[in-house]
Protein chains: 2
Amino acid sequence: MSVYKKISIAVIKRLPRYYRYLSDLLKLGITRISSKELSIRMGITASQIRQDLNCFGGFGQQGYGYNVEYLHNEIGNILGVNDKFGYIIIGAGNMGQALANYTNFEKRGFILKGVFDVSSDLIGQKINGHEVIDLNNLETFLKSNKVDIAMLCVPYDQTPIVADRVARLGIKGLWNFSPMDLKIPHDVIIENVHLSDSLMVLGYKLNEKLKNSQ
Amino acid sequence: MSVYKKISIAVIKRLPRYYRYLSDLLKLGITRISSKELSIRMGITASQIRQDLNCFGGFGQQGYGYNVEYLHNEIGNILGVNDKFGYIIIGAGNMGQALANYTNFEKRGFILKGVFDVSSDLIGQKINGHEVIDLNNLETFLKSNKVDIAMLCVPYDQTPIVADRVARLGIKGLWNFSPMDLKIPHDVIIENVHLSDSLMVLGYKLNEKLKNSQ
DNA sequence: TAGATTGTTAATCGATTAACAATC
DNA sequence: TAGATTGTTAATCGATTAACAATC
């Protein structure tokens with residue numbers, strides 16, 4: 001086994017943010033940046049930036065800082081933006097349609113392969129160039145299409161059922177939009193987007209602010 | 001000033017999750033639970049549960065555990081589910097419409113007051129019982145409606161402009177769906193939902209798994 | 001009462017920040 | 001070269017876990 005240093009999830013979660021800031025710098029035509037300058041822009045410490053980056057390698061140069069384009073590429077590689085994951089969307093309601101129209105995902109290496117639903121009102125309709133497919137045809141579809149990720153935008157009670165079904169069909173990653181913690185007994189990576197959790201945290205913070213300003 | 005212990009954001013972020021699990025227990029008709037039993041269900045330590053809860057008060061009873069309904073209510077109060085925040089949605093595209101149809105928010109104390117857009121195709125259309133209002137009428141609307149939170153579902157380049165505008169109109173909280181970190185110079189609480197960041201973390205984890213299984 | 005389980009203090013672990021030698 | 005800034009080690013801080021006395 002190779003010498004393997006486990007990268008903490010705290011670091012991983014900051015990578016997309018670095019990537020965004022570096023994209024912005026590129027657009028601004030800024031070619032080099034120091035950890036100090038970036039720390040001011042991002043509102044974190046320069047120390048943390050250097051520590052984070054050095055988990056993956058020495059991307060900078062003493063006395064100079066970091067080359068923006070190079071660092072942007074390196075972080076892109078770490079995040080796998082060139083790796084091309086295929087994904088499907090299950091559930092073509094508003095959330096599913098919103099995701100199907102997110103063009104940003106493709107820039108980051110995620111390719112939409114199909115959109116599925118059970119409703120005959122939706123099946124056959126075109127969403128962002130993709131005809132909604134009958135969920136009954138999922139098995140057939142997955143036999144002839146390389147799909148790594150399923151985004152689950154189905155009703156609450158359907159979520160665990162659909163999750164289990166796609167996991168058995170070889171899907172390796174799930175992006176879950178239902179307000180539940182999926183526990184499926186397969187070797188699948190799950191990333192939850194708990195919107196109402198996020199909103200409740202906002203509500204808590206608002207209440208705190210109101211209390212303190214009284 | 002009162003003796004005030006600052007609650008860490010790590011604890012706050014776990015509260016909605018406790019709330020969900022307790023709701024589930026209630027639905028299952030379970031009336032009491034120990035930190036041990038809950039820890040198994042949630043996949044965290046019993047110690048952490050007790051520590052978290054004791055930031056806010058002693059909700060349990062030695063030898064017995066926690067009364068599910070009581071604890072559910074207490075956490076609900078901490079999160080302010082009875083406090084009734086008014087919110088508006090700005091941008092009635094797919095994401096805005098998806099949010100307008102989320103009935104869960106109301107159960108948690110968030111009341112939809114209005115949906116806004118600039119597109120004449122959308123203005124006047126009904127979404128979940130709310131007629132889409134011309135964004136030009138925002139100022140007038142806010143004069144006669146108590147609104148605490150704005151959910152921003154507008155295009156990338158419009159986001160900071162709209163954020164600034166609503167902040168000046170007295171909105172206290174922003175729920176931001178654009179892939180940028182809002183920096184507005186007002187006393188406003190911002191909660192970001194960076195969907196592509198979340199997806200990229202999923203992509204990273206998938207790559208790691210593939211590497212390790214080779 | 002005896003058993004169970006909390007509330008809370010103490011120990012450990014991990015993440016962030018500070019400091020500085022290395023070096024461009 | 002002198003100045004700037006990284007890479008990296010050490011110190012600090014905060015969060016999680018363990019332990020146990022208190023008590024229902």
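Protein chains get the first letters and strands the later ones, always in sequence-line order, with residue 1 at the start of each. Small disclaimer: the values here were computed from a predicted structure and weren't measured.
Both the sub-6.0 Å distance and the 45° axial angle are not jointly satisfied by A:Arg32 relative to the ring of A:Tyr66.
Phosphate contact (OP1/OP2 of D:dT16, side-chain N/O of B:Arg14, threshold under 4.0 Å): present. Under 4.0 angstrom from either OP1 or OP2 of C:dT16 there lies at least one side-chain N or O belonging to A:Gln48. When the side-chain nitrogen and oxygen atoms of A:Tyr66 are compared with OP1 and OP2 of D:dG7, one or more of them lie within a distance under 4.0 Å. Between B:Arg50 and the phosphate of C:dG7, there is no side-chain N or O to OP1/OP2 separation shorter than 4.0 Å.
Each of A:Gln61 and A:Asp52 was matched to the nucleotide of DNA chain C holding its nearest heavy atom; the match closer to the 5' end belongs to A:Asp52.
With rounding to whole Å, B:Leu38 atom CG is found 10 Å from C:dT6 atom P. The nearest whole Å value for the distance from the CG atom in B:Leu71 to the C1' atom in C:dT6 is 13 Å. Distance CZ (B:Arg32) to C1' (C:dT6): 12 Å, rounded to an integer number of Å. Spacing between atom CG of B:Asn54 and atom P of C:dT6 amounts to 10 Å, rounded to whole angstrom units. With rounding to whole Å, A:Ile40 atom CD1 is found 11 Å from D:dT5 atom P. Separating the CD1 atom of B:Ile44 from the P atom of D:dA18 is a distance of 13 Å, rounded to the nearest angstrom. In this entry the distance linking CD1 of B:Ile49 with C1' of C:dT8 reads 16 Å, nearest Å. We find that CD1 of B:Ile7 is positioned 11 Å from P of D:dA15, with the value rounded to whole Å.
Summarising the base pairing, C:dA22 is matched to D:dT5 through a Watson-Crick or G-U wobble pair whose two defining distances lie under 3.5 Å. Pairing for D:dA10 is with C:dT17, a Watson-Crick or G-U wobble pair whose two hydrogen-bonding atom distances lie under 3.5 Å.
Remark: the backbone N or O of A:Ser178 is paired with a side-chain donor or acceptor of A:Asn176 at under 3.5 angstrom.
Minimum atom distance to the side chain of A:Thr45 is reached by C:dT17, of the listed C:dT17, D:dC24, D:dC20. Nearest to the side chain of B:Ser35, among C:dT6, D:dA18, D:dG7, sits C:dT6.
Across every non-hydrogen atom of B:Ser39 and B:Ala46, the tightest pair is CB-N, 3.4 Å.
B:Asp197 pairs in a salt bridge (charged side-chain N to carboxylate O under 4.0 Å, His left out) with only one of the listed residues (A:Arg14, A:Arg20, A:Arg17), which is A:Arg20.
For a distance-only test at 3.5 Å, the side chain of A:Gln51 fails to qualify as a donor-acceptor partner of the base of D:dT8.
Within 4.0 Å (heavy atoms only), A:Ser47 reaches at least one base atom of the nucleic acid.
When ring centroids are compared, B:Phe105 and B:Trp175 come within the 6.0 Å threshold.
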